[in-house]
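Worksheet: the structure to be examined is printed underneath.
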Amino acid sequence: MKTSAFKRTAAAVMTFCILAAVSNLSAQTISPNIRLNSVGFIPDFPKKASILADSTLSRVIYTVNNASTNTVVYRDTIREFIHNSDTKENLWIADFSELTTPGSYYISVTAPANFGRSAAFRIAQDAFTEAYRTLMLGMYLWRCGSPTGVRASYNGVTYNHGACHLDDATASMRYIRSDGLDVRRDAAGGWHDAGDYNKYIVNSGVSVAMMLKAWEHFSHVLGNTNLIAVSASGQIPAFLTEVKWNLDWVAKMQYPNEAKVSHKLSAINFCGNILPERETGRRFFVPWSTAATGSFVGMLAQASRIYRQYDRVFADSCLAKARRSYDLLVSSSFAAADQSAFSTGQYGGGDSDQRLWAAAEMWEATGESKYLDDLENRLSLNAGNLTNRIEWSNVAPIAAITYLNSQRPGRDPQRVEAIRAKLISTADGIVNTSQAHGYGNTYPGNVWGSNGMVARTSYILHSAYKENGDVKYRHAIADALSHLLGRNYFGRSFVTQLGHNPPQKPHCRRSAASGRTWPGYLVGGPTSQSMDDNSGAVASPQLDRQKCASLPATCWYDYENDYARNEIAINWNTAMIYALSAALPDAVTSVSYQPGQSAAKGNSRSAQAAAPRRVIKTQRNGKIEIPPGAKVYGLDGRLIGQRKAGESGRPEINRNGVFIIMQNAETDIKK
């Protein structure tokens, strides 16, 4: 069958179908075969659901109904199905993008009869705001080493644990005695890494990167969005306050009086299903690795420039530590941490991508030529560093895009153009994949943490949108979110306590120990990969290994022992936070505060509200002539250029991309 668009049968139905009523909502059964994002849709974005129905049918008829009144507001007939190869299903795609009126709705399939209805969903500009706040709550609840523990309420239920791991940690006698470090030193703080309570530098690397990139791109929105349980710390906005909790721990992982960085802080073995304050055994600094050292440099160099306007002392400390570890890194050959005594997470592999990212962030933080030389020596001329795969073991695309987006002088034009072209082609590939997939998946594949990979495609997509302003990239981000929030083979949200039928038994020791599922966590997702569990735990009583091997996209089980598929982890949550940030109201269409001022103060939303603005798009080598009295911003809210009223000359910006011009109203009147 064709996979093209479906014929509309009632384009004008909005004018009269509201008079039609369907059977009472409570009498209808939510069908597991109507699979959609039950959290919501942005009004002017595409809206799709995937319906699993008999492929011998000649048509499927569905309606969209107001959830409060049950009245029909939209009706359509689907006359063709598509075959979804990775699940081997024939799916009928309901496209109700024409419905843009805000409200709460559900889909009802009327033919075939007695098919049932979907879960309810919202259409609203702020459709993803609460989801964003919930994922951010998950980060707070991951905090380790708080002397007062953590406590927060969500949907009327309080989640809390006591003070934990305040005596982190001891240098391992077996490994570091020669360095004179066989003593306890302070490394309290940070986020617990996943469903366990250990802390790993390499995985913190990609996690902090996604959070700080989200702030770089969407700070004008994130700074004005209230968080659950987290507030601003002095001049530091709430979002950055949460990230700083982890950065403060990261900074402690540098050896005292040295530049080496411990690979992880861990117990010898994973603990059982207990609350974190009950894990009281010895925890150790594991020896250094070059991969951890590179991740350390990337995190702290990026932090030094982002936090500078809020806390100069902290920023200076981050940069000083990053400089020391960078110098060691470039003078050292590959070094892997000796983890032979530990059964906890390894985060092993090479270090080439971490070295590249370290150079990129050091150059962007300082502008010094030695970092640029190192960076360009590591960037391939054909932009091979930039792929659609971003994870803890591959932060090279983040480095390449940092180089592309930089406003610092001195870049090699050939590399810049190669990376720009590769970015667009990679993003186009993601869009094409999503559009051809029966569930809109932007990264179908048999990988551990597949849901995190889907979420991280949003960084590639938004970066491409910044270059040429093609809205298809933003639509693909919404497709990725929809897939993770219910438009998938399982018809379920993959985020705990969010959307329809979310995971009930994630691999999370706090959830297992407390007997209730903690909110705001994206689980790993489908994969055929087997587990290596030294405890001998069964992955899932329902595990079908043959099916998982042949159809990995169908291999996910909501079972707490199945850490290969149902664990939670900071690198997946932070990827989801980036994607949700991109979908917040005004994420790319407004500037709500002047760069250089604290968004936490809320000091500019009203001041900017009356300022006329227009969005312009330039092509390669395009020019922006700045009008008198105007300021030009990038889509991330950063000031690109300005021209004072009455200023002589005609200042221009020579750069391709999408920009927002804000102009004082009085200047327009005087003209």
Side-chain angles (χ1 to χ4, degrees), residues 1-38 41 46-99 103-123 435-441 479 482-483 485-493 499-501 547 551 553-554:
M1 289 292 183
K2 296 180 180 179
T3 59
S4 58
F6 310 111
K7 182 179 179 182
R8 300 284 178 205
T9 60
V13 72
M14 292 290 290
T15 60
F16 59 85
C17 278
I18 57 174
L19 301 177
V22 297
S23 58
N24 188 277
L25 181 62
S26 62
Q28 291 183 295
T29 301
I30 294 180
S31 171
N33 295 325
I34 305 176
R35 300 160 181 176
L36 53 66
N37 162 21
S38 61
F41 300 89
K47 306 167 192 71
K48 295 180 181 180
S50 301
I51 300 172
L52 179 65
D54 192 336
S55 60
T56 64
L57 296 170
S58 62
R59 63 180 184 174
V60 169
I61 301 174
Y62 72 94
T63 61
V64 182
N65 302 69
N66 184 294
S68 298
T69 64
N70 297 332
T71 54
V72 174
V73 298
Y74 187 85
R75 176 181 286 118
D76 192 21
T77 299
I78 312 171
R79 299 189 181 276
E80 296 176 325
F81 64 84
I82 68 170
H83 180 71
N84 194 55
S85 60
D86 67 350
T87 59
K88 287 189 166 47
E89 295 173 297
N90 296 319
L91 300 172
W92 302 75
I93 308 302
D95 186 341
F96 50 103
S97 303
E98 294 171 5
L99 179 59
S104 181
Y105 304 93
Y106 64 90
I107 286 176
S108 179
V109 173
T110 58
N114 302 317
F115 196 90
R117 53 158 287 229
S118 74
F121 59 87
R122 294 174 65 231
I123 296 177
Q435 291 177 347
H437 195 272
Y439 294 114
N441 192 348
D479 283 340
S482 287
H483 179 77
L485 293 171
R487 190 186 172 207
N488 53 58
Y489 171 82
F490 309 93
R492 301 177 62 175
S493 166
H500 173 65
N501 197 15
K547 180 181 179 182
L551 294 173
T554 69

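- Between Leu99 and Phe41 there is no side-chain heavy-atom pair separated by less than 4.5 Å.
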For this session: May I have the step-by-step check of side chain to side chain contact (heavy atoms under 4.5 Å, CB included) for Thr63 and Thr110, ending in yes or no?
Result: CA-CA 7 Å; Thr63 61; Thr110 58; 4.2 Å; yes

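- A side-chain donor-acceptor contact under 3.5 Å links Arg487 and Ser50.
- For Asn84, the side-chain contact (heavy atoms from CB on, under 4.5 Å) test picks out Asp86, Thr87, Leu91, His437, Tyr439, with sequence neighbours left out.
- Taking the side-chain hydrogen bond (donor to acceptor under 3.5 Å, both in side chains) definition, one finds that Tyr489 meets it with Lys547, sequence neighbours left out.
- Evaluation of the side-chain hydrogen bond (donor to acceptor under 3.5 Å, both in side chains) rule for Ser493 yields no partner, not counting sequence neighbours.
- Annotation: Arg59, atom CZ; neighbour count of heavy atoms from other residues, nucleotides and ligands within 6.0 Å does not exceed 12.
- In this structure, Tyr105 has no ring-ring contact (aromatic ring centres under 6.0 Å, His included) partners at least two apart in sequence or on a different chain.
- In this structure a side-chain-to-backbone donor-acceptor pair under 3.5 Å is present from Ser38 to His500.
- With sequence neighbours excluded, the residues forming a side-chain contact (heavy atoms from CB on, under 4.5 Å) with Asp54 are Thr56, Leu57, listed by chain and number.
- At least one donor-acceptor pair closer than 3.5 Å links the side chain of Ser118 to the backbone N or O of Ile107.
- The distance from the CZ atom of Arg75 to the OG atom of Ser108 is 10.0 Å, given to the nearest 0.5 Å.
- With contacts defined as side-chain heavy-atom distances shorter than 4.5 Å, the pair Val60/Phe81 does not qualify.
- Contact check for Tyr62 versus Phe96: side-chain heavy atoms found under the 4.5 Å cut-off.
- Rounded to the nearest 0.5 angstrom, Ile93 CD1 and Ile78 CD1 are separated by 7.5 Å.
- For the pair Asn33 (side chain) and Ile51 (backbone), a donor-acceptor distance under 3.5 Å is absent.
- For the pair Ser104 and Ala120, the tightest heavy-atom approach, listed with the atom from each and the gap, is OG-CB, 4.4 Å.
- Of all heavy-atom pairs spanning Ile34 and Gly116, the tightest one is CD1-O, 3.7 Å.
- One finds the CH2 atom of Trp92 at 11.5 Å from the CD1 atom of Ile82 (value rounded to the nearest 0.5 Å).
- The side-chain contact (heavy atoms from CB on, under 4.5 Å) test applied to Leu551 returns Lys88, Thr554, not counting sequence neighbours.
- Partners of Asn501 according to the side-chain contact (heavy atoms from CB on, under 4.5 Å) rule, which considers only residues two or more places apart in sequence or in another chain, are Arg492.
- At least one side-chain heavy atom of Ile30 sits under 4.5 Å from a side-chain heavy atom of Arg117.
- Of all heavy-atom pairs between Asn90 and Leu52, the closest is O-CD1, 3.5 Å.
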